[in-house]
Amino acid sequence: MKKVPIYEMLKNYSEKHPLPFHMPGHILGRGLNGQLKMAGELDITEIPGADCLHSPDGVIKEAQALAAECFGADYTLFMVNGSTSGIHAMIGAVVKPGGKLIVGRDCHVSVLNALAMFKAEPVFVLPEVDKIHGISLGVSYEAFENALRANPDVQGILVTSPNYYGISLNLRKIAELAEGYRVPLLVDEAHGAHFRFYEKFPEPAISSGADLCVQSLHKTLPALTQTALLHGKKKGLVDRKRVEKIASMVQTTSPSYVLMASMDIARDIMEALGKDLYHELWLNIKDFECKLQNTAITRVTPKEDIKYDFSRIVLSFKNTALTGLKAGEILFEKYGIVAEMADLYNVVLIATPYHKKEDFEGLLIALEEISKDYPKDKNSPETTLYWPNLLPEKVLSIHEALYYKVEEVPIKEAVGSVCGASIVPYPPGIPILNAGEKVTGEIAQYLVSILDMGYRVNNVNNGRIPILNGRY
Ligand SMILES: Cc1ncc(COP(=O)(O)O)c(C=O)c1O
């Protein structure tokens, strides 16, 4: 390890075998059991020398500066509640109450929650979808341009890139567009923390011209769950002090040093080894992809002009008798292979440098067998995406909807009511309804049909959806 200030401070402290009369209550692991005992040895609070996340001027400041340098940012903040808190901080820092934010409709729920908390008004723009594979291709440049032209008073643009399926947007062009309107570009890059470390990945948001971006280190890098970074680039549109203030407001006053040390270490490992590790992964995936061609299962990659993350492997089962959901179950139950996600058509796998050649060989054997065992026949599932791509009527803002009680009713009975939560079919993983939007007959019919077809739909329970019912 080259330079890991937080981890070094923790190690030095624990090696002194101090007598702790401070938080946390397990006192350096004494009160913990089994494997957690070891984790506890590094789990401290703000003791002398440990700095403070909320006004850093010691090891945390140093580690954040090292991260900023490594990721090409002007400043970086450690987030211990994942990209979720980073997204809250970005939106809270940029949009004033009642102000508008252009938002890709394919945004994560943390974006919707931040809109509700900070009273921001979304101007939703619809992503394009690939009707064959059902995956979201993200929002086009033209859609952002139209939204900006129609709403020159917006206070920011928030885009998701890459998405869950690994599809990236042309951030350079979108950043130029935003700059032309003097509007800050915020990027939810939760799935792209690794892009910085190998040239075959799409260009990272911060070097493409984003003003702010968040990355979950825990999603793709060797870092513990909940770790994320908020990067900023000084372009005169966002006040750094305000970002720091809101980031501090949305984070615990007892941040985990184990999580912060994990970010420090992940950055150090990647800086030293990332390029070689990802090159090896790229070779392994190319080999896997080549051999996969002998099966009925295909890897989904977008058209040539769309950039994507080669380490996000989206497998389509449309040439077999299986849905993606069923294939995911078989991979798990028969082969012990656990996918990140499955939808009606696809299985999504996240590959990392810590997957070795043998892992891809094992995966390939499983897929070869599945391909032979489940050949496509006349009863095979329908594989063309059924997606209306519409923006429902807004009755209440997401913020106002927060102050209503929610009740679940059968979908058909919900027609005419106002929805109480985001209803998200997979694929394409884009909400068909958000809180505050009207449930129409068309949308209800769509939901009933796709549930019959076997789609997974978030926030639909046994054919019932949440609707608003009376103010609190
Ligand atoms: C696109 C996107 N943004 C943000 C998040 C939130 O990230 P975290 O889990 O690190 O809070 C997720 C999590 O799944 C996500 O998929």
Side-chain angles (χ1 to χ4, degrees), residues 67 71 76-92 101 103-117 122 124-125 127 129 135-139 157-169 171 174 185-195 201-202 204-206 210 212-231 246-247 250-252 255-256 258-260 262-263 266-267 308-309 311-312 314 338-343 346 348-350 352 422 424-431 434 456 458-459:
F71 285 88
T76 293
L77 308 181
F78 282 180
M79 307 305 297
V80 291
N81 187 24
S83 287
T84 296
S85 52
I87 285 168
H88 294 175
M90 288 200 299
I91 294 177
L101 181 71
V103 180
R105 182 80 178 174
D106 53 350
C107 67
H108 185 251
V109 65
S110 55
V111 174
L112 302 173
N113 290 339
L115 296 172
M117 287 191 291
F124 283 120
V125 276
V129 287
I135 64 175
S136 166
L137 299 174
V139 180
I157 304 181
L158 188 139
V159 313
T160 307
S161 179
N163 66 16
Y164 214 6
Y165 298 95
I167 308 290
S168 277
L169 303 187
L171 292 177
I174 297 169
L185 175 66
L186 322 181
V187 182
D188 174 356
E189 200 176 37
H191 291 271
H194 53 304
F195 286 1
F201 288 122
I206 213 74
L212 294 174
C213 84
V214 294
Q215 302 172 325
S216 298
L217 297 199
H218 68 95
K219 289 194 195 301
T220 54
L221 294 182
L224 292 174
T225 298
Q226 284 188 218
T227 54
L229 300 177
L230 195 172
H231 301 296
I246 311 285
V250 297
Q251 299 226 71
T252 171
S256 159
V258 177
L259 295 186
M260 291 190 283
S262 173
M263 294 193 245
R267 187 261 317 139
Y308 68 99
D309 172 2
S311 67
R312 192 62 52 114
V314 182
V338 190
E340 165 61 27
M341 194 266 271
D343 66 30
N346 312 296
V348 179
L349 308 171
I350 300 181
T352 77
S422 296
V424 193
Y426 281 84
I430 302 168
N434 278 330
R456 201 187 99 205
N458 283 8
N459 281 329

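Counting from 1, the numbers follow the sequence of the chain as shown. One-based numbering, in listed order, for ligands and for the atoms of each.
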ask   = Which parts of the protein, at residue level, reach under 4.0 Å of ligand 1 through a heavy atom?
value = Asn81, Gly82, Ser83, Thr84, Ile87, His108, Thr160, Asp188, Ala190, His191, Ser216, His218, Lys219
note = Nearest heavy-atom approach of Ala223 to Ser262 is CA-OG, 3.4 Å
key: Qualifying side-chain hydrogen bond (donor to acceptor under 3.5 Å, both in side chains) pairs with a residue from residues 104-116, counting only residues at least two apart or across chains   = Arg105-Glu437, His108-Ser110
Least distance between heavy atoms, Phe71 atom then Ile206 atom = O-CG2, 3.2 Å
ask   = In this structure, which one of His191, Arg312, Glu340 forms a side chain to side chain donor-acceptor pair (under 3.5 Å) with Tyr164?
value = Glu340
task = Could you tell me whether the side chain of Ser422 and the main chain of Val424 form a donor-acceptor pair under 3.5 Å?
result = no
request  = List the steps and the verdict of side-chain contact (heavy atoms from CB on, under 4.5 Å) for Phe195 and Gln215.
outcome  = CA-CA 10 Å; Phe195 286 1; Gln215 302 172 325; over 6 Å; no
